[in-house]
Each structure stands twice: as structure tokens, then as C-alpha cells.
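Working notes, structure below.
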Amino acid sequence: MNKSHKSPQQASAPLQIAIRPVGNSKGVVIPKIILEQTGIEGVVEMAVDGEKIILSKPKNILREHWARDAQNLVRAGEDELVLGDFANEEDGDWVW
């Protein structure tokens, strides 16, 4: 089995796949061979183009490197509060 990724120009023959109930939604099972051809795994971006539903690899994963970047800021000593520590005058009556 060839696991190399196809280029976007090489279109495969369309498959007919059943739409199945999944809880209150609907879903499809993507065949393993299709996932191997695209290299998609885990999370996808979904878009609609006319009558087509397009699944693609995410361009960037939200918050992917936030933890690492925060640690780098601490090491560099650049982790101080930007706005400073402040409270509203009305907050004095609150009991936490």
C-alpha cells in the first residue's frame, strides 16, 4: 500500500458514503485510505463551498505553543502584568 500523499491535482474517483446519525447531528466515516492519502489526522478545518463540504488540515492549531511561549517569557523575565494589578472601587464590599 502506498502511503505517500497525493498532490491536490491528482483527484481520486468519488466515493459514495452514507450519512449516519451521530447523537443530534449527522456524520460520515472517512475511509482509512482517504485519510492516508491526505495526511489528515486528529483535527480538521471544515468549510462549505456551494454544495461541497471541504475538510482540510488546520493552518495553525489554536494555542498550540502557548504553554511553551509562556515559559519562555518567565525565563526572560517578561511576565509582568501589562495593565498592572487593579480593582474597582465598588469591589470593597465583596466577600470572596
Side-chain angles (χ1 to χ4, degrees):
M1 177 182 311
N2 183 2
K3 291 188 176 184
S4 63
H5 303 296
K6 284 189 169 185
S7 66
Q9 291 82 10
Q10 296 175 328
S12 59
L15 299 174
Q16 289 191 359
I17 310 255
I19 298 175
R20 304 173 182 190
V22 178
N24 291 332
S25 300
K26 303 282 183 167
V28 297
V29 174
I30 303 171
K32 180 180 177 182
I33 189 72
I34 299 294
L35 293 174
E36 288 175 348
Q37 289 175 359
T38 61
I40 291 175
E41 51 185 48
V43 176
V44 296
E45 287 183 356
M46 182 184 295
V48 175
D49 182 9
E51 294 181 348
K52 296 179 182 180
I53 299 171
I54 301 169
L55 301 177
S56 58
K57 287 184 184 179
K59 291 169 187 60
N60 57 7
I61 298 174
L62 191 62
R63 302 181 187 140
E64 180 177 16
H65 301 291
W66 280 19
R68 182 200 64 208
D69 293 342
Q71 291 171 352
N72 290 339
L73 286 171
V74 170
R75 278 189 220 104
E78 298 178 10
D79 59 330
E80 70 277 349
L81 293 174
V82 176
L83 297 176
D85 193 13
F86 64 92
N88 296 319
E89 292 178 16
E90 299 84 24
D91 289 348
D93 296 337
W94 286 77
V95 176
W96 298 96

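Hydrophobic clustering, with ILVMFWY side chains joined whenever heavy atoms are under 4.5 angstrom apart, keeps V44 apart from V48.
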(message) Working note: I30 + I40, criterion side-chain contact (heavy atoms from CB on, under 4.5 Å); need CA distance, chi angles, decisive distance, verdict.
(response) CA-CA 11 Å; I30 303 171; I40 291 175; over 6 Å; no
Would you be so kind as to tabulate the donor-acceptor pairs closer than 3.5 Å made by side chains of residues 17-26, with sequence neighbours excluded?
none

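For the salt bridge (Lys or Arg N to Asp or Glu O under 4.0 Å) condition, the pairs that include at least one residue of residues 38-52, sequence neighbours left out, are E45-K59. Residue pairs meeting the side chain to side chain donor-acceptor pair (under 3.5 Å) criterion with at least one member in residues 67-77, sequence neighbours excluded, are H65-R68, N72-R75.
Distance check: T38 OG1 to L55 CG gives 9.0 Å after rounding to the nearest 0.5 Å.
Applying the side chain to side chain contact (heavy atoms under 4.5 Å, CB included) rule to E80 yields no partners; only residues at least two apart in sequence or on another chain are considered. With sequence neighbours left out, L73 forms a side chain to side chain contact (heavy atoms under 4.5 Å, CB included) with E78.
With respect to P31, the side chain to side chain contact (heavy atoms under 4.5 Å, CB included) criterion is satisfied by exactly one of V28, I33, V29, L35: I33.
For the pair M46/I53, a side-chain contact is recorded, criterion being any heavy-atom separation below 4.5 Å from C-beta on.
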